[in-house]
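Each ligand, and each atom within it, is numbered from 1 in the order the structure gives. Remember, it's a predicted structure, so these values are computed and weren't measured experimentally.
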Amino acid sequence: MKKIKSGVYGLNPLLDGGINQGSTTVVIGCAGAGKTTFATQFIRRGLENGQEGIFVSLDENKEQIVKEAVEMGWGEILEYIDDGLLVFIDASGKDFSRFIKEELPGFVDEWKGADARIVVDPLTPVIWAVEDRYMQRDLLSFMFKQMRRVGTVVCTLEEHSSAGDLSGEEVVIPMYLADTVIHLRYRLAEPGLERMLKVAKCRSSRHSEHYHPYRILRGFGIVVERGDRETPPPRDRTEEIKALLARKRGEIPQAIYRRIHKSLDYVTDQDLGDLTPEEVVEAVLDEYMPEEKVGPKAGTPRPTPRASRSGRRR
Ligand SMILES: Nc1ncnc2c1ncn2[C@@H]1O[C@H](COP(=O)(O)OP(=O)(O)OP(=O)(O)O)[C@@H](O)[C@H]1O
Ligand SMILES: [Mg+2]
C-alpha cells in the first residue's frame with residue numbers, strides 16, 4: 001500500500017505513514033472543527049508537488065473557499081488556480097443524486113488515472129438528498145468508486161449528534177464505505193481538550209487508536225500533538241522554532257525551508273497552545289522529509305494540465 005503525505009502536520013505517524021494512495025478518507029466533525037481546513041491542507045500538499053487538485057464544493061462557493069484559504073496564509077492557492085492545477089467543481093444547489101449519476105461519470109472519464117487529490121466538502125448534502133438508506137449507500141458507494149479512479153479522495157462530513165462521538169445516524173454509512181475515518185472532535189465545554197483528533201479507522205494500516213489534541217494555526221492549519229508531554233511548554237516558542245529550523249537548515253531543501261518560514265509569520269505563541277517547538281519542527285519535517293526535490297521551484301516542472309481537462313474548468 002503506497003502512502004501519501006496528508007499535508008496535516010503530525011497526522012501521518014498516526015496513519016502508519018500517511019493516507020493510502022487511491023483511497024477514500026472521510027473527515028467527520030461538527031461546525032468549526034476544522035473540516036475545510038483539513039481538506040484544503042490535503043489538496044495544497046499535493047499541489048506543492050505538482051499533483052492536480054479537484055475541489056468539489058456542495059455548499060460554499062469557490063470564492064468563499066479561496067478567501068478562507070488566503071486568510072489562512074495560503075495565498076499561493078491563487079497561482080495554482082491560474083495554472084489550472086487546482087480546479088473547482090461547484091455543485092451547490094444541484095440535484096446531487098442526478099449530479100453523481102449523470103455528470104460525475106463524464107468528468108471521471110476525462111480525469112481517470114490522473115492521480116489527483118480530490119476533496120468533497122462537505123459530503124452531507126448528498127446524504128440528505130436521499131432518504132432511503134439503501135439508496136443512500138448505493139449512491140455513496142458509486143460516488144466513492146468513481147472518484148477513486150481519478151485519485152485519492154477526502155470527503156468531509158458534518159457531525160450533528162450532540163454526543164460528538166460518531167454515533168449520529170448521518171455518519172454511519174459513509175463510515176462503513178470509507179477506507180479511512182478521521183474524527184475531529186470539537187467540544188467547547190472541555191477547556192484544554194476542546195479539539196481532539198482520532199483515527200477511527202484506517203484500512204490496511206496499523207493506526208493510532210487514541211484521541212490526540214490538535215490546534216488550528218494560521219499559516220500552518222491543523223497541527224496534531226503527539227500527546228505524550230510531561231513538562232509544560234516554554235515561552236517564545238516561535239523564535240525557538242526558527243532557531244531549531246536554522247540549525248537544520250543545511251538538511252532542508254531551500255524551497256521547503258522558505259515555505260516553513262513563511263508559515264511561521266502567521267503564528268503567535270498564544271496560538272501554539274501546548275505544542276512544544278520540537279513537536280512543531282518534528283511534525284513539519286516529518287511532513288516534508290525525506291523527499292526528493294519538492295515543488296516546482298525546486299526543479300520539478302509543473303505538469304501542464306491536459307487540454308481536455310482545462311476545457312472543463314468551471
Ligand atoms: N485564518 C484563520 N486563522 C486562524 N484560525 C482560523 C482561520 N481560519 C479558520 N480558523 C480556525 O479554524 C476553525 C475551523 O475552520 P473550518 O472552516 O475548517 O471548520 P469547518 O469544520 O469546516 O466548519 P463548518 O462546519 O462550519 O464548515 C475556525 O473556527 C477557526 O478557529
Ligand atoms: Mg467547512
Side-chain angles (χ1 to χ4, degrees), residues 6-11 25-45 53-78 88-93 117-128 153-166 168 170-171 174 181-198 200 211-225 237-238 262-275 280:
S6 63
V8 175
Y9 300 109
L11 176 63
T25 298
V26 171
V27 178
I28 305 175
C30 64
K35 299 181 294 298
T36 303
T37 307
F38 187 114
T40 312
Q41 261 174 283
F42 167 73
I43 257 198
R44 178 175 173 260
R45 184 66 177 91
I54 303 164
F55 201 117
V56 184
S57 62
L58 303 180
D59 212 7
E60 281 175 300
N61 59 27
K62 172 184 164 184
E63 286 67 33
Q64 183 62 26
I65 294 158
V66 172
K67 189 170 150 248
E68 281 171 27
V70 171
E71 276 168 18
M72 195 54 124
W74 300 333
E76 77 278 4
I77 209 157
L78 299 166
F88 282 82
I89 297 176
D90 183 358
S92 57
R117 291 192 183 210
I118 307 131
V119 154
V120 181
D121 181 50
L123 188 62
T124 312
V126 175
I127 292 164
W128 285 349
V153 185
V154 166
C155 300
T156 71
L157 193 61
E158 293 165 10
E159 185 178 28
H160 295 279
S161 135
S162 55
D165 59 357
L166 298 182
E170 71 280 3
V171 304
V181 176
I182 293 171
H183 187 205
L184 300 180
R185 203 190 68 182
Y186 182 35
R187 288 188 190 157
L188 279 167
E190 289 181 49
L193 293 172
E194 294 100 328
R195 295 189 189 276
M196 301 287 257
L197 176 149
K198 182 178 168 149
Y211 274 102
H212 299 262
Y214 67 96
R215 316 274 307 175
I216 301 179
L217 307 179
R218 196 155 175 248
F220 284 99
I222 293 176
V223 184
V224 187
E225 295 175 18
R237 279 167 293 157
T238 43
K262 188 167 165 258
S263 294
L264 277 170
D265 290 344
Y266 297 98
V267 179
T268 67
D269 253 23
Q270 203 186 355
D271 288 340
L272 287 165
D274 279 349
L275 285 163
V280 175

Could you go through the salt bridge (charged side-chain N to carboxylate O under 4.0 Å, His left out) check for Glu158 and Lys35 one step at a time? CA-CA 8 Å; Glu158 293 165 10; Lys35 299 181 294 298; 6.0 Å; no
Hey, can you tell me if Tyr211 and His183 have their rings parallel, tilted or perpendicular (30° and 60° cut-offs)?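 Tyr211 vs His183 ring planes: perpendicular.
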Which heavy-atom pair separates His160 from Thr124 by the least distance, and what is that distance?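 The pair with the smallest heavy-atom distance is NE2-CG2, 4.2 Å.
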Protein residues that have a heavy atom under 4.0 Å from any atom of ligand 1, sorted by chain and number: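 Lining ligand 1 at under 4.0 Å, by heavy atoms, one finds Cys30, Ala31, Gly32, Ala33, Gly34, Lys35, Thr36, Thr37, Glu71, Met72, Arg195, Ile216, Arg218.
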If you draw a 6.0 Å radius around NZ in Lys262, do more than 12 non-hydrogen atoms from other residues or ligands fall strictly inside?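 Enclosed: over 12 neighbouring heavy atoms sit under 6.0 Å from NZ of Lys262.
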N, O or S of Thr156 under 2.8 Å from the Mg ion (ligand 2):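 No, Thr156 does not qualify, because none of its backbone or side-chain N, O or S atoms lies under 2.8 Å.
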May I ask you to decide if Leu275's main-chain N or O and Arg237's side chain share a donor-acceptor pair within less than 3.5 Å?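 Confirmed, Arg237 side chain pairs with Leu275 backbone.
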Knowing that exactly one of Thr37, Val27, Thr40, Leu217 qualifies, which makes a side chain to side chain contact (heavy atoms under 4.5 Å, CB included) with Ile222?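 Among Thr37, Val27, Thr40, Leu217, the one that satisfies the side chain to side chain contact (heavy atoms under 4.5 Å, CB included) with Ile222 is Thr37.
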